[in-house]
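What follows is one structure encoded as structure tokens, with my remarks underneath.
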Amino acid sequence: MLLDDFSELENTRLEKIHRMRDEGIEPYPTRSAKSMNNADAVKAFETAEAEGKVEVPDVVLAGRIRAIRNMGKLCFTHIEDSSGKIQLFLRINELGEEKLNSFVRDFDLGDFIEASGALTRTRRGEITLMVHDFKMLAKALYQLPADKDQVVDGETVRHAVLSDPETRYRQRYVDLAVNPDVREIFKARAKIVDTVRTYLDERDYIEVETPILQPIYGGAAARPFTTYHNQLHQELFLRISFELYLKRLIVGGMDRVYEIGRDFRNEGVSFKHNPEFTQLELYEAYTDYHGMMRIAEEMVSQCAYELNGHYIINYDGNEIDLTPPWKRITIRQGLIDYADIDIKDYPTVESLEALLKERDIPFKPGVPHGKLIGLLMEEYIEPRLIQPTFLCDYPRDISPLAKNVPGDPSTVERFEIFIGGVELGNAFTELNDPVEQEKRFLEMADAYAKDDEEQHPMDHDFVRALAYGMPPTGGMGIGIDRLVMMLTGKNTLREVILFPHLRKIEDQ
RNA sequence: GGGCGCGUAGCUCAAUGGUAGAGCAGCGGCCUUUUAAGCCGUUGGUUCAGAGUUCGAUCCUCUGCGCGCUCACCA
């Protein structure tokens with residue numbers, strides 16, 4: 001129980017609650033009479049000041065107490081709400097001795113206070129609420145991690161900031177309460193998602209929602225989470241992609257659709273992988289992967305512009321220019337340029353395996369030709385793609401849902417977007433030949449038959465949908481978390497996911 | 001899952017094979033325009049958990065737990 005584990009510090013605060021209640025003061029009142037937020041208060045004062053006034057009366061502000069500077073007969077505090085901080089000035093002349101003392105006695109850092117009074121400017125020039133009255137809005141029992149700001153030459157220097165990553169992620173509420181820059185990341189995230197929606201909505205895309213619980217998973221190569229529906233006695237999977245459902249909508253005549261939602265992949269966790277992550281998938285009829293490239297470069301650069309006012313981002317020590325158009329390079333050309341390998345010279349699995357051995361690249365024996373090319377790609381091309389690049393034309397046998405490059409049966413019209421060496425998105429000209437699609441499913445089943453870790457279930461209903469006819473279509477997926485990570489210059493997904501997955505710990 | 005590193009007060013960090021200290025916050029004082037307020041005094045620790053070595057472990061060893069980096073897995 002909460003109270004059982006209280007330290008001396010917490011018990012001191014608890015006693016304040018008891019004392020307040022004994023005096024008829026409720027430390028958790030039901031409502032607040034806050035009349036404006038802190039930022040608006042500052043603006044209101046500046047406006048009044050420009051008209052020659054020296055104060056703005058009858059203002060009610062509220063927020064969390066972030067600093068207290070008590071000097072006996074007067075006391076300064078800073079309170080903070082989501083709009084920012086503002087100073088309160090409590091003075092014995094205004095409040096009387098008893099009221100002022102009750103502040104010092106009852107209030108601590110971290111408590112929520114409501115204060116009424118007049119906005120003025122102090123001798124030191126800070127816009128401040130001269131407090132006529134105040135009341136407790138919510139008492140905090142735990143103290144927030146100590147933190148103080150110091151302004152040196154106009155720069156804010158922060159002292160003893162909560163920085164332990166485990167505490168920050170497990171108790172994100174504390175992190176957010178104490179680290180304003182963290183709140184900014186999530187404002188940026190909201191803005192990016194908003195920009196994406198606006199971009200697509202303006203192009204007549206319709207936002208849809210498809211099942212998260214799926215009887216058959218598909219659309220990507222990943223291990224799923226499984227769950228169970230009790231009444232239906234049915235095993236269900238959490239989706240690993242939206243692809244197969246969204247393409248059914250294209251069959252149904254919804255020519256431009258997108259979904260922003262959660263994918264779940266039961267795999268390793270890293271700076272660029274979280275078990276659940278936010279994905280954007282979009283599909284557009286009567287276009288192809290070239291159309292998707294144009295959308296990607298336009299949409300992503302627009303996100304950067306809306307966020308920062310320009311197209312340059314700093315990621316992992318690199319200055320990256322997102323101005324369209326982005327570089328396009330085929331895998332074949334990339335391997336020629338960066339590794340001096342022309343894959344046309346290695347048409348068989350045996351020849352590729354020999355090459356990989358020669359180059360000291362480890363591989364699992366028995367994997368398909370395309371997967372070996374993938375290994376070369378990871379080794380030689382991906383780390384080089386710092387500036388935004390569309391890496392194009394993938395091996396067919398690792399791309400079961402993409403359409404062939406005309407005249408080249410081994411290659412499909414697919415690209416992945418790389419920025420800062422990290423994959424941001426994946427797109428292709430969608431395979432719409434039902435017979436070919438069924439064949440691909442069967443090939444994948446074969447290819448992975450020996451590998452009991454992964455399975456590619458055949459989705460008969462998806463094939464049936466294609467058999468009703470799907471127009472030529474371009475489709476794309478973009479990892480929203482990774483996009484936010486890049487645009488905000490963070491080097492791990494955990495910084496842009498509010499509650500990143502951490503191991504369970506045995507305590508409360 | 002493998003390798004490496006880390007875990008000390010609420011927060012940020014010190015320290016030593018002889019059971020721990022600072023700043024901030026907390027508590028008690030002084031101070032009527034302060035802003036990392038200041039000054040004086042002061043409380044606070046299962047040194048992540050368990051076992052072992054040792055006369056003695058926060059430190060050395062092992063195991064476990066958690067976090068980070070990295071590799072593997074994976075877009």
Side-chain angles (χ1 to χ4, degrees), chain A residues 6-13 15 66-78 85 87-95 97 100 104-105 108-110 120-126 128 130 140-152 156-171 174-175 178-179 219-223 240-241 263 265-275 277 279 362 364 374 377-378 382 391 394 398-399 414 416-418 422-427 451 453-454 477-479 481-482 491-492 494 500 502-507:
Chain A
F6 267 16
S7 70
E8 199 183 324
L9 270 57
E10 284 119 25
N11 277 319
T12 304
R13 290 182 171 216
E15 281 161 20
R66 295 308 309 279
I68 298 178
R69 294 179 294 279
N70 176 26
M71 289 186 303
K73 294 198 170 57
L74 67 158
C75 181
F76 292 93
T77 95
H78 272 99
K85 288 183 188 173
Q87 183 170 258
L88 307 185
F89 185 10
L90 297 94
R91 214 172 149 209
I92 199 166
N93 311 33
E94 305 287 335
L95 294 165
E97 189 173 354
L100 180 61
V104 175
R105 199 185 57 216
D108 294 294
L109 295 179
T120 79
R121 219 180 253 283
T122 62
R123 263 178 225 169
R124 295 291 177 96
E126 181 163 347
T128 298
M130 176 63 79
L141 289 171
Y142 288 132
Q143 62 174 353
L144 287 172
D147 108 280
K148 290 194 171 185
D149 296 347
Q150 180 185 22
V151 180
V152 180
T156 300
V157 181
R158 307 197 61 219
H159 299 268
V161 181
L162 172 69
S163 58
D164 173 49
E166 186 170 356
T167 311
R168 287 187 50 229
Y169 301 145
R170 281 195 200 280
Q171 295 180 261
V174 176
D175 188 33
V178 160
N179 292 324
R223 273 180 282 169
I240 58 173
S241 88
D263 268 340
R265 297 187 182 174
N266 204 340
E267 277 152 6
V269 178
S270 79
F271 78 94
K272 52 180 177 174
H273 297 274
N274 196 59
F277 62 99
Q279 179 88 327
K364 265 202 262 180
M377 218 169 77
E378 281 168 31
E382 293 184 7
L391 184 59
Y394 276 62
I398 54 170
S399 314
R414 172 184 177 186
E416 292 188 340
I417 304 164
F418 286 88
V422 175
E423 185 210 336
L424 180 68
N426 181 23
D451 192 349
E453 286 194 337
E454 251 184 59
I478 288 182
D481 312 274
R482 288 186 182 176
N491 55 11
T492 164
R494 287 182 285 260
L502 297 179
R503 256 176 243 271
K504 185 182 172 182
I505 47 171
E506 303 293 329
D507 65 356

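Letters A, B, ... are given to chains in the order of the sequence lines, protein chains preceding strands, and every chain is numbered from 1.
- Considering every non-hydrogen atom in both A:L100 and A:C75, the closest pair reads CD1-CB, 4.3 Å.
- Residue contacts for A:S7: at a heavy-atom cut-off of 4.0 Å it reaches no nucleic acid atom on any strand shown.
- Closest to the A:M71 side chain, of the nucleotides B:C74, B:C73, B:U34, is B:U34.
- The side chain of A:R121 places no N or O atom within less than 4.0 Å of a non-bridging phosphate oxygen (OP1 or OP2) of B:U33.
- Residue A:R265 is classed as a sugar-phosphate contact, given heavy-atom separations below 4.0 Å to backbone atoms only.
- Going from atom CZ of A:R170 over to atom P of B:C48 covers 17 Å, rounded to whole Å.
- Separation of the P atoms belonging to B:A22 and B:A9 is 14 Å when rounded to the nearest angstrom.
- Spacing between atom CD of A:E10 and atom C1' of B:A9 amounts to 12 Å, rounded to whole angstrom units.
- When each of A:R121, A:Q87, A:H78 is tested with A:T128 by the rule side chain to side chain donor-acceptor pair (under 3.5 Å), just one qualifies, namely A:Q87.
- Among the heavy atoms of the strands lying under 4.0 Å from A:Q87 is at least one base atom, whether or not backbone atoms are also near.
- Residue A:L162 is classed as a sugar-phosphate contact, given heavy-atom separations below 4.0 Å to backbone atoms only.
- With rounding to whole Å, A:E423 atom CD is found 15 Å from B:C73 atom C1'.
- Distance, A:E166 CD to B:U12 C1': 17 Å, rounded to whole Å.
- Comparing B:A37, B:C67, B:A25 by their closest approach to the side chain of A:Q143 singles out B:A25.
- Comparing B:U43 with B:G28, their C1' atoms are spaced 10 Å from each other, to the whole Å.
- A:R168 comes within contact range of no nucleotide atom at all, as no heavy-atom separation falls under 4.0 Å.
- Rounded to a whole angstrom, the distance from the C1' atom of B:C13 to that of B:G1 is 34 Å.
- Here, B:C6 and B:U58 have their C1' atoms 15 Å apart, quoted to the whole Å.
- Between the P atom of B:C67 and the CZ atom of A:F271 lies a distance of 18 Å, rounded to the nearest Å.
- Residue-level contact check: A:L109 touches the backbone only, with heavy atoms under 4.0 Å from sugar-phosphate atoms and none from bases.
- Dense packing is recorded around CZ of A:R105, with more than 12 heavy atoms of other residues, nucleotides or ligands lying under 6.0 Å away.
- Applying the Watson-Crick and G-U wobble criteria (two distances, each under 3.5 Å), B:A22 pairs with B:U12.
- Although no hydrogens or angles enter the test, the distance criterion places a donor-acceptor pair under 3.5 Å between the side chain of A:R482 and the main chain of A:E423.
- OP1 and OP2 of B:A25 both lie 4.0 Å or more from every side-chain N or O belonging to A:R69.
- Straight-line distance from the CZ atom of A:F89 to the P atom of B:U35: 13 Å, rounded to whole Å.
- Residue-level contact check: A:V161 touches the backbone only, with heavy atoms under 4.0 Å from sugar-phosphate atoms and none from bases.
- B:C27 and B:G41 make up a base pair, with Watson-Crick or G-U wobble contacts both under 3.5 Å.
- Considering only the side chain of A:T122, B:U34 comes nearest among B:U34, B:U12, B:C74.
- Nearest approach of A:I240 to A:A222, heavy atoms of both residues: CD1-O, 3.8 Å.
- Dashed line: the shortest gap from a side-chain N or O of A:S163 to OP1 or OP2 of B:U12 is under 4.0 Å.
- Taking only side-chain atoms of A:L74, from C-beta outward, the nucleotide of B:G26, B:U33, B:C11 with the closest atom is B:U33.
- Checking B:U12, B:C73, B:U70 against every side-chain atom of A:D164, the shortest atom distance belongs to B:U12.
- Between B:U32 and A:R91, no contact under 4.0 Å exists linking OP1 or OP2 to a side-chain N or O.
- Of all heavy-atom pairs spanning A:G219 and A:S241, the tightest one is CA-OG, 3.2 Å.
- Residue A:N93 is in base contact, counting any heavy-atom pair closer than 4.0 Å across all strands shown.
- Here, B:U33 and B:C27 have their C1' atoms 26 Å apart, quoted to the whole Å.
- Side-chain atoms of A:R503 lie closest to B:G66 of the nucleotides B:U33, B:U32, B:G66.
- Within the 3.5 Å criterion, the main-chain N or O of A:N426 finds no donor-acceptor partner in the side chain of A:R414.
- Residue contacts for A:R494: at a heavy-atom cut-off of 4.0 Å it reaches the sugar-phosphate backbone alone, with no base atom in range.
- A:F271 and A:N491 get closest at one heavy-atom pair: CD1-O, 3.4 Å.
- Take the nearest nucleotide of RNA chain B for A:A67 and for A:F76: the residue whose nucleotide is more 5' is A:F76.
- Between the CG atom of A:D108 and the C1' atom of B:C24 there is a distance of 15 Å, rounded to whole Å.
- No engagement by A:Y142 is indicated, since no non-hydrogen atom pair under 4.0 Å with the nucleic acid exists.
- Both distances falling under 3.5 Å, in either a Watson-Crick or a G-U wobble arrangement, place B:C62 opposite B:G50.
- Across all strands shown, B:G5 forms a Watson-Crick or G-U wobble pair, both distances under 3.5 Å, with B:C67.
- For A:F6 and B:G26, the CZ to P distance is 17 Å, given to the nearest whole Å.
- Of the C1' atoms belonging to B:U70 and B:C60, the separation is 27 Å, rounded to the nearest Å.
- With no hydrogens or angles considered, no side-chain donor-acceptor pair links A:E15 and A:T12 at under 3.5 Å.
- Backbone-only engagement by A:L502 is indicated by non-hydrogen atom pairs under 4.0 Å involving sugar-phosphate atoms exclusively.
- Here, B:G56 and B:A72 have their C1' atoms 44 Å apart, quoted to the whole Å.
- When distances are taken from the side chain of A:P145 to each of B:C73, B:C11, B:U70, the shortest belongs to B:C11.
- In this structure, the nucleotide among B:U35, B:U33, B:C67 sitting nearest to the side chain of A:H78 is B:U35.
- Between B:C55 and B:G17, the two C1' atoms lie 12 Å apart (nearest whole Å).
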